[in-house]
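Single-structure report; data block below.
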Protein chains: 2
Amino acid sequence: MAPRTVLDEGFVPVEKQKTYELVADHLIAMIGDRRLRPGDALPTEKELATRFRVGRSSVREALRILESKGLIRSLGKGSFVVAPSLNPLSESLLLLFTLREATMRELFEVRKLLEVQTVALAAERRTRADLKRMEQAIRDMDEGIASPHRYIAADLQFHLAIAEATKNRIVARLMHAIRGLLQRALFTIYDIPGSPQRSLEQHRQIFSAILKKDASEARTRMIEHLSRVEHDIRNILGGKAWEQYIRPLDEV
Amino acid sequence: MAPRTVLDEGFVPVEKQKTYELVADHLIAMIGDRRLRPGDALPTEKELATRFRVGRSSVREALRILESKGLIRSLGKGSFVVAPSLNPLSESLLLLFTLREATMRELFEVRKLLEVQTVALAAERRTRADLKRMEQAIRDMDEGIASPHRYIAADLQFHLAIAEATKNRIVARLMHAIRGLLQRALFTIYDIPGSPQRSLEQHRQIFSAILKKDASEARTRMIEHLSRVEHDIRNILGGKAWEQYIRPLDEV
DNA sequence: TTGATCTGCTTGTCTGACAGTAGGATATTC
DNA sequence: GAATATCCTACTGTCAGACAAGCAGATCAA
C-alpha cells in the first residue's frame with residue numbers, strides 16, 4: 001500500500017462558494033422552510049439583486065438553477081412562482097432517457113419491482129379515504145372508457161392512489177415519475193381491442209384485494225395486471241422500441 | 001358541462017423558446033449522442049458564445065442548467081468537463097430532503113421495497129463477473145472491518161454489485177442514490193458492538209443465495225438483513241430523527 | 001534542474017443598455 | 001356607465017463591456 005498521510009481524507013479540494021450558488025441555496029432554503037410557499041411570486045430580479053447585494057446576472061443564474069430543479073417556473077410573461085411541489089424525480093428520470101441511459105424495458109421493470117411491493121403495503125395501510133379515491137378512479141375509468149384521455153388519466157389516478165396509500169411520499173413521487181414517462185406507451189395499447197376492459201377488470205380485482213387488506217393477493221393481482229400490460233406494450237411496440245431508448249415526450 | 005370549444009386541448013400557452021434553453025438543449029443533445037463524452041472539456045464560454053452566436057450570459061445560464069442537472073462540473077479553476085455519467089437521481093432525492101418532503105423512515109422503506117425485489121432479480125441474472133464483484137466486496141468488508149470508511153465503502157460496493165447484477169441501469173442508479181443518502185446513518189450504526197460482524201455474516205448468506213440462484217432465499221435473507229439494519233438505526237437515532245427530516249449530508 | 005516572474009486567458013461578477021411585452025391606468029366611444 | 005382603445009410603466013430576456021482573481025505556460029534567473 002502507498003505511504004499514507006495523516007488525515008488523508010481531509011485533503012479534498014477547497015470549495016469556493018460562488019455567488020450564484022449562495023443565492024440559489026438561500027432561495028432553496030427559503031422554500032424548504034416554507035417562507036416561500038407554492039404559488040408565491042418571487043420578487044423581481046432587480047429586487048432580489050439589491051436585497052442580496054449581488055448583480056442581476058448572479059440572481060439570474062441562481063434562478064436558472066432553481067428552474068431546472070423544478071422549484072420555480074418562469075411564467076410566460078415575467079414574474080416567477082414557486083412550483084406546486086412538483087416532482088424533481090420526473091426530471092431526472094426523463095434525463096436518463098434523453099441521455100440514452102435507460103430503455104423502456106428497464107423502466108417497466110422498475111415499475112414492476114416497485115409497484116408490486118407498493119400494492120402490498122397499500123393493502124395494509126389503506127384508509128377509507130384511500131379506498132374512496134381508488135373507487136372514484138375505477139368509476140372514472142369505467143365512464144371514460146371511450147376516451148383515451150379520460151381513461152388513461154383515471155388509470156393514472158388509480159395507481160397513484162395506491163402509491164399514496166402507502167403514506168410514503170417517496171414511493172408516491174417515484175410512481176408518479178415513472179408513470180409520467182410510461183404515459184405515451186400506455187396510449188399505444190389503449191387501441192388494442194378489449195385491452196381497456198381487461199385493465200378495468202384487473203383494477204377491480206386489485207381494489208378488492210386492497211379492500212380486504214389481503215396484501216398477498218393484491219401482490220398477485222398486480223403482477224398479473226402489470227405482466228399483461230407489459231406483454232401488450234411489447235407486442236405493439238415490437239422488440240426494437242422496447243429495447244431502444246425511447247423518448248417518451250409530452251408530459252401531462 | 002361548460003360549452004366546449006372545438007379542439008379544446010389544442011390551446012395551450014404557446015412556448016417561446018428562450019435562448020439559454022436552446023443552448024442548454026443543444027448541449028444536452030450533444031452529450032446524449034456522445035458527441036461530448038464524459039471527461040471532455042467544453043469550449044470556453046466565449047467560444048461557445050461566438051459559436052452559437054449568443055451572448056455570454058445566455059451561455060452561462062445554460063451552463064448553470066447543465067450543472068444543476070449534474071451533466072457538467074465547474075472544475076475549481078475554470079474549464080468545464082462533462083461529468084462521468086453521474087447520477088441525476090441522487091440530486092433529486094437529496095432535494096426532497098432539503099425541502100423536508102421525505103423522512104428517513106420513508107427513504108429506508110423505499111430501499112427495502114426496492115432491494116428485496118432487486119436481490120431476487122439479481123439471483124436470476126447474475127453473471128460470474130457479478131459474483132466476483134460481490135465476493136471482492138465481502139472480502140474488502142472483512143479486511144476493512146476495523147475502519148468505518150473502508151468497511152462502509154465495501155458495504156456499498158456489495159449492494160451496488162447486486163443492483164448492477166440486475167442489468168437494469170435504472171435500478172442501479174436508484175440504489176446508488178438511495179444509498180448515498182443513507183450513508184451517514186450507516187456510519188452511526190457502525191459503532192454498535194457486533195453490528196459490522198453481523199452485517200458481514202448476513203452479506204455472506206445473501207451472497208450464497210445469489211450464488212445458488214435461489215431468488216426466494218435471497219429475498220428472505222435480504223429482508224432479514226435490512227430489517228436488522230433498520231432496527232439498529234432506529235434504536236440509535238431514536239424515533240425523533242427517524243421521523244424527522246434529516247439532512248444526510250457529505251456525499252462520498 | 002529548480003525556482004521565480006511575467007503574461008495571457010478564463011471564469012466569476014457587476015453594470016448599463018435595449019427590445020419586447022404584460023398589465024394597469026387613462027382616455028375615448030357608444 | 002360600460003365597453004373599448006391607447007398609453008405608460010416595469011419586468012424579463014438578451015447583449016456588450018468591464019474588471020478582479022487565479023491558473024498555465026513561457027520566460028528568465030540561479
Side-chain angles (χ1 to χ4, degrees), chain A residues 11-31 36 38-84 86, chain B residues 11-31 36 38-84 86:
Chain A
F11 291 106
V12 289
V14 63
E15 276 289 339
K16 293 164 271 304
Q17 280 282 52
K18 282 149 212 164
T19 306
Y20 62 82
E21 279 181 346
L22 290 172
V23 174
D25 289 349
H26 200 97
L27 289 174
I28 292 178
M30 287 178 79
I31 296 176
L36 286 172
D40 288 358
L42 268 75
T44 66
E45 294 177 355
K46 192 142 125 294
E47 182 155 352
L48 286 172
T50 54
R51 288 265 263 273
F52 287 135
R53 305 278 177 73
V54 299
R56 193 157 77 99
S57 33
S58 297
V59 170
R60 284 184 61 84
E61 290 181 37
L63 292 182
R64 292 299 83 76
I65 293 175
L66 294 232
E67 194 178 5
S68 91
K69 283 195 194 305
L71 290 180
I72 63 177
R73 292 192 39 194
S74 167
L75 203 31
K77 100 110 202 305
S79 65
F80 285 82
V81 236
V82 178
L86 202 55
Chain B
F11 292 104
V12 291
V14 60
E15 275 290 339
K16 293 164 271 303
Q17 280 282 50
K18 283 150 212 164
T19 305
Y20 62 81
E21 279 181 346
L22 289 172
V23 174
D25 288 350
H26 199 97
L27 289 173
I28 292 177
M30 288 179 77
I31 296 176
L36 285 173
D40 289 358
L42 269 75
T44 66
E45 294 177 356
K46 193 141 119 310
E47 182 155 351
L48 286 172
T50 54
R51 289 265 263 273
F52 288 135
R53 305 277 177 74
V54 299
R56 194 156 76 99
S57 31
S58 296
V59 170
R60 282 184 62 82
E61 291 181 35
L63 292 181
R64 291 301 83 75
I65 293 175
L66 293 233
E67 194 178 5
S68 90
K69 283 194 193 307
L71 291 181
I72 63 176
R73 292 190 40 191
S74 165
L75 204 31
K77 99 108 199 309
S79 65
F80 284 84
V81 238
V82 178
L86 203 55

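Bear in mind the structure is a predicted one, so any value in this text is a computation, not a measurement.
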Looking only at heavy atoms, which two atoms of [X] and [Y] are closest? And how far apart?
{"X": "B/Leu66", "Y": "B/Leu27", "value": "CD1-CB, 3.8 Å"}
{"X": "B/Lys46", "Y": "B/Arg56", "value": "N-CD, 4.4 Å"}
{"X": "B/Ser58", "Y": "B/Tyr20", "value": "O-CB, 3.6 Å"}

With a 4.0 Å cut-off, would you call A/Glu67 and A/Arg64 a salt bridge?
yes

Could you list all N or O pairs between the protein and nucleotides 14-17 of chain D that sit under 3.5 Å apart?
from   : atom 1 : to      : atom 2 : distance (Å)
D/dT14 : OP1    : B/Thr19 : N      : 2.5
D/dT14 : OP1    : B/Thr19 : OG1    : 2.6
D/dT14 : OP2    : B/Thr19 : N      : 3.4
D/dT14 : O5'    : B/Thr19 : OG1    : 3.3
D/dT14 : O4     : A/Arg56 : NH2    : 2.8
D/dC15 : OP1    : B/Gly55 : N      : 3.3
D/dC15 : OP2    : B/Gly55 : N      : 2.7
D/dC15 : OP2    : B/Ser58 : OG     : 2.5
D/dC15 : O5'    : B/Gly55 : N      : 3.3

Without decimals, in angstroms, what is the distance between B/Glu47 CD and C/dG8 P?
20 Å

Calculate the interatomic distance between B/Ile72 atom CD1 and C/dT11 atom C1'; express it in whole Å.
13 Å

Which residues share a side-chain hydrogen bond (donor to acceptor under 3.5 Å, both in side chains) with A/Ser68, sequence neighbours left out
B/Ser68

